[in-house]
Amino acid sequence: GRDAGGFIALPWSVLDCASYAHLSMHARSLLLEIARQYVADNNGRLLASRAYMLKRGWKSADMLAKAKRELLSGGFIYETVKGHRPNKASWYALTWQTLDRHPGFDFGAAESFIRSAYRQQPLKKHEP
């Protein structure tokens with residue numbers, strides 16, 4: 001038995017890779033928040049917007065932006081839709097899951113998605 005509700009499927013290959021070891025604690029926390037949204041057929045439509053993350057306890061826009069950049073450059077998440085003002089949020093995909101194609105993706109986004117991109121990224125220490 002376990003507690004009711006869903007769960008996050010986070011492979012050991014993600015947690016044990018060298019790139020993960022170089023992530024800041026904020027980036028690791030954001031990765032869990034983004035992975036929390038995945039429900040079998042929405043990979044590529046996950047949110048990390050300021051408005052969405054504010055409801056999840058993220059108060060600093062600067063910290064959120066830095067953590068997002070780390071996850072993108074580390075290959076843990078992939079941007080499928082580029083957001084823009086005033087009210088269009090970016091969409092993201094987890095790279096350890098298969099991309100669930102959607103007609104709303106930006107042109108070429110599905111074709112340039114790289115599964116397990118976090119394994120291919122050069123090691124860089126995060127900037128505090």
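Interatomic distance, Leu31 CG to Tyr92 OH, rounded to the nearest 0.5 Å: 13.0 Å. Rounding to the nearest 0.5 Å places NZ of Lys88 at 12.0 Å from OG of Ser49. Here OG of Ser112 is found 9.5 Å from CG of Leu99. Values are rounded to the nearest 0.5 Å. Once rounded to the nearest 0.5 Å, the distance linking CD1 of Ile77 with CD1 of Ile34 reads 4.0 Å.
The salt bridge (Lys or Arg N to Asp or Glu O under 4.0 Å) pairs that include a residue from residues 95-117 are Arg101-Glu111, where partners are two or more places apart or lie in different chains. Identified under the salt bridge (Lys or Arg N to Asp or Glu O under 4.0 Å) test for residues 16-45, with sequence neighbours left out: Glu33-Arg56.
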Using the rule given for side-chain contact (heavy atoms from CB on, under 4.5 Å), can you reason through Asn42 versus Gln97, listing the C-alpha separation, both sets of side-chain angles and the distance that settles it, and then say yes or no? CA-CA 10 Å; Asn42 69 336; Gln97 297 286 356; over 6 Å; no

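You'll find the side chain of Tyr20 stays beyond 4.5 Å of the side chain of Tyr118, heavy atoms only. Contact annotation: the side chain of Ile8 never approaches that of Tyr38 to less than 4.5 Å [non-hydrogen atoms, C-beta and beyond]. The shortest side-chain heavy-atom distance between Thr95 and Arg119 does not fall under the 4.5 Å cut-off. Proximity of Phe76 to Ser19: side-chain heavy atoms (C-beta onward) are separated by under 4.5 Å at one or more points. No side-chain heavy atom of Leu54 sits under 4.5 Å from any side-chain heavy atom of Leu64. For the pair Val81 and Phe105, the minimum side-chain heavy-atom distance is below 4.5 Å.
Cluster membership check: Ile114 does not share its hydrophobic cluster with Leu46, using side-chain heavy-atom separations under 4.5 Å among Ile, Leu, Val, Met, Phe, Trp and Tyr. Hydrophobic clustering (ILVMFWY, side-chain heavy atoms < 4.5 Å, transitive): Leu15 and Leu71 are in one cluster.
Put simply, the side chain of Glu79 never gets that close to the backbone of Ser90: no donor and acceptor are under 3.5 Å apart. Ser60 places a side-chain N or O within 3.5 Å of a backbone atom of Met63 that can act as its donor or acceptor partner. Under a 3.5 Å cut-off, the side chain of Thr80 and the backbone N or O of Gly44 do form a donor-acceptor pair.
The side chain to side chain contact (heavy atoms under 4.5 Å, CB included) with Leu30 is formed by just one residue from the set Lys68, Met25, Glu70, Lys66; it is Lys68.
Around CZ of Arg85, the count of heavy atoms belonging to other residues, nucleotides or ligands within 6.0 Å does not exceed 12.
The aromatic rings of His102 and Trp91 lie perpendicular to each other, with more than 60° between the two planes, well past the 30° mark.
Looking at every heavy atom in both residues, Tyr78 comes nearest to Gly108 through OH-O, 4.3 Å.
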